[in-house]
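Each remark here refers to the structure printed beneath this line.
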Amino acid sequence: MPNEASINALPKAYDFGDVEHRWYREWTEKGLFTARFDPGRPYFSMVIPPPNVTGVLHIGHALNNTLQDILVRYKRMDGYNTIWVPGTDHAGIATQIVVERRMNSEGRSRHDFGREKFIQKVWEWKESSGGRIIEQLKGLGCSCDWSRERFTMDEGLSRAVKEVFVRLYEEGLIYRGNYIINWCPRCHTALADIEVEHKQTEGQLWYIRYPLAEETRQDTEFITVATTRPETMLGDTAVAVHPEDPRYKNLVGRDLMLPLLNRRIPVVADAAVEPEFGTGAVKVTPAHDLNDFEIAKRQGLQSINIFDENATLNESASQYAGLDRYEARKRVIIDLKKQGLLEKEEAYDLAVGVCYRCKTVVEPRLSKQWFVKAAPLAEPALKAVKDKRTILVPASWERTYDEWMTTIRDWCISRQIWWGHRIPAWTCLSCGEVIVSREEPKACPKCGNTALEQESDVLDTWFSSAIWPFSTLGWPDKTPELKTFYPTSVLITSFDILFFWVARMMMMGLHFMGDVPFRHVYLHALIRDIEGKKMSKSKGNVIDPLTIMEKYGTDAVRFTLAAFAAQGRDIKLAEERIEGYRHFVNKIWNAARFVLLNLKTSQGALAEPAEPESFHDPSERWILSRLSQVTGTVRKALDEFDFDVAAKELYQFFWHEYCDWYLELAKPALTGDETDRQDAARWVTLTVFDHSLRLFHPFIPFVTEELWQHLPGQRDHIMVSPFPKQIDSWTDVAAEDIIKQVMEVVSSIRNARSELGIHPGAKIIVMALAHSDKAYDFLNSQKKAINTLVGIKTLDLMSKEELRPEGAATIILEDIEIFIPLEGFVDIDEELRKLTKEEDKLNKEIIKTEAKLKNEHFLSRAPQEIVQKEFDKINKFQIKLEKIVSHKETLQAILRS
RNA sequence: GGGCGGGUAGCUCAGCGGGAGAGCAUCGGCCUUACAAGCCGGGGGUCACAGGUUCAAACCCUGUUCCGCCUACCA
């Protein structure tokens, strides 16, 4: 891009269309995203939360990755060795469902293909349609090191997964066993506890009579049990009561006849039974309920599995076999009613578990699965956060993290699907020995038999995600990446996967790397619609980032997300917000046009004046002072993950200080013919603009790069230019005070003009009376500036002796009075009304302040500077009040005459 | 049942001990040669309610109430 500083190069409005692609391509081609390994520099590293390979960019991804990109761009500009490792997740269940669905639409199932062929089909799908989200992340501007992109199923990561599994098994931290797990009848697989969502549902509690077996009946005919799932009675193997419950004490040990199936089941005593609930007697279905399973273990009861993988009743349910679970429920109730065994039916709310992928109601089911022992891994992970080796931001999540880590249960990691990391375990068909190994074993090490069968289950996708921070850096090899960039600096993710992912990475990172996987974890909020509801396709309230990026530009979307990313609060997003920030991007664009127009130059960089502070105008010293402060604020905010603070500070500064005031103040100097003044103004105008662009760049990379390239001087790329630093020598309190006062005078004149209904273009005369030498000097030196900003004919300074003009609108400031003489224009009654209003307000303030100052406690206990402030305040009020009263008298005199 | 967060301008939210703020919306006036996707100006709030601590409370404490979310094996 040539450095032609010509406004002709910039159209009137920002058209982001080709700009975004052009710069992204150039950044990539020049390898600017590639990790840096310069010795002697600090490092900054992140791994991306890998999106599902089936995924499409949604607004949550857009937020998550915008925040990451802001940080990494900031750190890269600030001189760090940066790496941002991207990649995707193989998403076992989700991906398998996608591919199966395609097959189903062709009337085939995965079983028609068989395991190997099916997996091949998934890979084919992945190559052709998967990873679309990667392209979308590029569209978002993400500066990931794409040369290091990983996939959880790629060769290296698969090797890491195998290594982790084998080591954990050898250490006794992975085991296999028969337990109750959550079974999804739709996905045909086990799920981990946290993969089950609980949905509050209106259900019923059915009270069923279980008759005592005939020969054991004595005083009692039956026991009534209460259940929300009557169909599971078909798998009952006992009824349990509390051992101390007097109602049932004499029944323990007797037999019941299980209705409908007429099977004998015993009454057992178990302390887990809550006598207060229901009837105090519980039906025990060990194969389909966790509690019942525990009771059965203690009481030595058998388990009867009554469901198949679809949650359809199997042959154990005899006459009910082949029925779906809900169909079976209806039939069971009808049949019980017929036999007079249904005592009553109550409405009852309960939380049913559903699969987090497909929302199907899960079925607790006894089966043989692989588990990770959680407690030994959780303990160091818990401690690392307590010791602040990993800092959670916002810190309020620590409590939740602690809670989860201390109540954590073993993690079921086996899944009965095909797409995923197949568990590296083999069973000897001859002696039953289980062999876990990195390589496929040739023969059983115990009996030597060569007939071995590999475990058909695959691992939970989160198992491979848990090692992402080091597997992506090359583990188990000792790579330079691993050495340079682990532990990663920050993980940015959404709080809803704190348990699924963050906690498990903590466990695995500490266990295998001996150090935490990240120094900071920044947990951002969820994006909701404007009513605070979760966005979902079914509700139709989704904001699609791709659509709005196309409509408003990527920069506008990014800036909006950053500006709304306040810690600890959900983001309610509406499209209008994005539109607002598009206007802002356009404002920057137009400011650039102005700046370039006034540089009127195709020359090289502007030289910095020898001693800027010595001859600059107050407006110039003021804007440089503000720039320096803002730079400090932005840096601090980014360092503390206050993205919204940084974005809003920049917005406010650029628009409402630089554009609204500084550029307006600079116009006369820029367009005038005093060379010195012009040079100074040009230098300041350009310097502040240049610094602003760089401060903005992490937020809005495209427009800033485009504009920066138009600025004069030799230019590389803004994304690798230094991030501005606070310059203390630019701080200038005196200049800030002057400009603050200019603003006050200007605003008050504009206000009066507007309220008087005077056309803004009318070249009126304004007179000003100073009540102090300081005020006089101020007016004298700044009258040109005031003139420029208000657009008046002249600002005349009055001497104290002069009479106040009659029939003039009057503005009373602290030690300045301003008159707009407009005979006939001024409504004296209206003026009096306004003055009285202001008088009342002042009186109220004075009374309030006086009360404070009369309070001995206040005088003795409040800090000295606060007391002084109150004295100053009342002083100021009184001076102003005097003038108001005096002016009122003048007006009243006019009215009387 | 337990935990967390929140009720501040019409809307979305900052502020979290010392004179109530922003953006958007709204109303009025301006095509002022960077920008009408703009400029200038205005109106609008017992900071959920009730107590308490303090010289001083939107801000700290207690209680009440309403709204979110997370968590939980009472069948």
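Throughout, a chain's letter reflects where its sequence line sits, starting with A, and its residues are numbered from 1.
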Mind checking if Arg399(A) touches a base, just sugar-phosphate, or nothing, with heavy atoms under 4.0 Å? sugar-phosphate
If the condition is salt bridge (charged side-chain N to carboxylate O under 4.0 Å, His left out), which residues does Glu850(A) pass it with, not counting sequence neighbours? none
Using a 4.0 Å cut-off on heavy atoms, which residues in residues 341-349 of chain A reach RNA chain B? List them by number, or say none. Tyr348(A)
Looking at every strand, decide which applies to Asn586(A) at a 4.0 Å heavy-atom threshold: base, sugar-phosphate, or nothing. base
Quick one: is Lys587(A) getting a side-chain N or O under 4.0 Å of the rC39(B) phosphate, OP1 or OP2? yes
Should Lys852(A) and Glu870(A) count as an ion pair when the cut-off is N to O under 4.0 Å? yes
Output all residues satisfying ring-ring contact (aromatic ring centres under 6.0 Å, His included) with Trp661(A), sequence neighbours left out; order by chain, then residue number. none
Run the ring-ring contact (aromatic ring centres under 6.0 Å, His included) test against Tyr522(A) and tell me which residues pass, sequence neighbours left out. Phe641(A), Phe643(A)
Check each residue of residues 283-292 of chain A for a non-hydrogen atom within less than 4.0 Å of any atom in RNA chain B, then write out the ones that pass by number, or none. Asn291(A)
OP1, OP2 of rC73(B) versus side-chain N and O of Arg409(A): anything below 4.0 Å? yes
Checking Glu576(A) now: which residues fulfil salt bridge (charged side-chain N to carboxylate O under 4.0 Å, His left out) with it, not counting sequence neighbours? none
Which residues share a ring-ring contact (aromatic ring centres under 6.0 Å, His included) with Phe500(A), sequence neighbours left out: Tyr356(A), Trp462(A)
Establish, with yes or no, whether the OP1 or OP2 oxygen of rG38(B) is under 4.0 angstrom from a side-chain nitrogen or oxygen of His583(A). yes
Protein-nucleic acid N or O pairs under 3.5 Å, nucleotides 27-31 of chain B:
none

Not counting sequence neighbours, which residues clear salt bridge (charged side-chain N to carboxylate O under 4.0 Å, His left out) with Arg626(A)? List them please. Glu657(A)
Using whole Å, report how far CD of Glu870(A) lies from P of rG18(B). 12 Å
Residue set satisfying ring-ring contact (aromatic ring centres under 6.0 Å, His included) with Tyr651(A), at least two apart, ordered chain then number -> Tyr581(A), Phe584(A), Trp655(A)
Protein-nucleotides 44-48 of chain B N/O pairs under 3.5 Å:
none

Under 4.0 Å, counting only non-hydrogen atoms across every strand here, what does Lys12(A) touch: a base, just sugar-phosphate, or nothing? sugar-phosphate
Using both pair distances under 3.5 Å as the test, note the stems of at least 3 consecutive Watson-Crick or G-U pairs that include RNA chain B. B:1-7 with B:65-71, B:10-13 with B:21-24, B:26-30 with B:38-42, B:48-52 with B:60-64
Contact under 4.0 Å: Asn590(A) side-chain N or O vs rG38(B) OP1/OP2: no
rC39(B) phosphate, OP1 or OP2, under 4.0 Å from Trp655(A) side-chain N/O: yes
I'd like to know if Glu640(A) pairs up with Lys636(A) as an ion pair, taking the criterion as any Lys NZ or Arg NE/NH1/NH2 lying under 4.0 Å from an Asp or Glu carboxylate oxygen. yes
Sugar-phosphate, base or nothing in reach of Arg582(A), heavy atoms under 4.0 Å: base
Per the atom types in the model, does the base of rA34(B) pair as donor or acceptor with the side chain of Glu664(A) at under 3.5 Å? yes
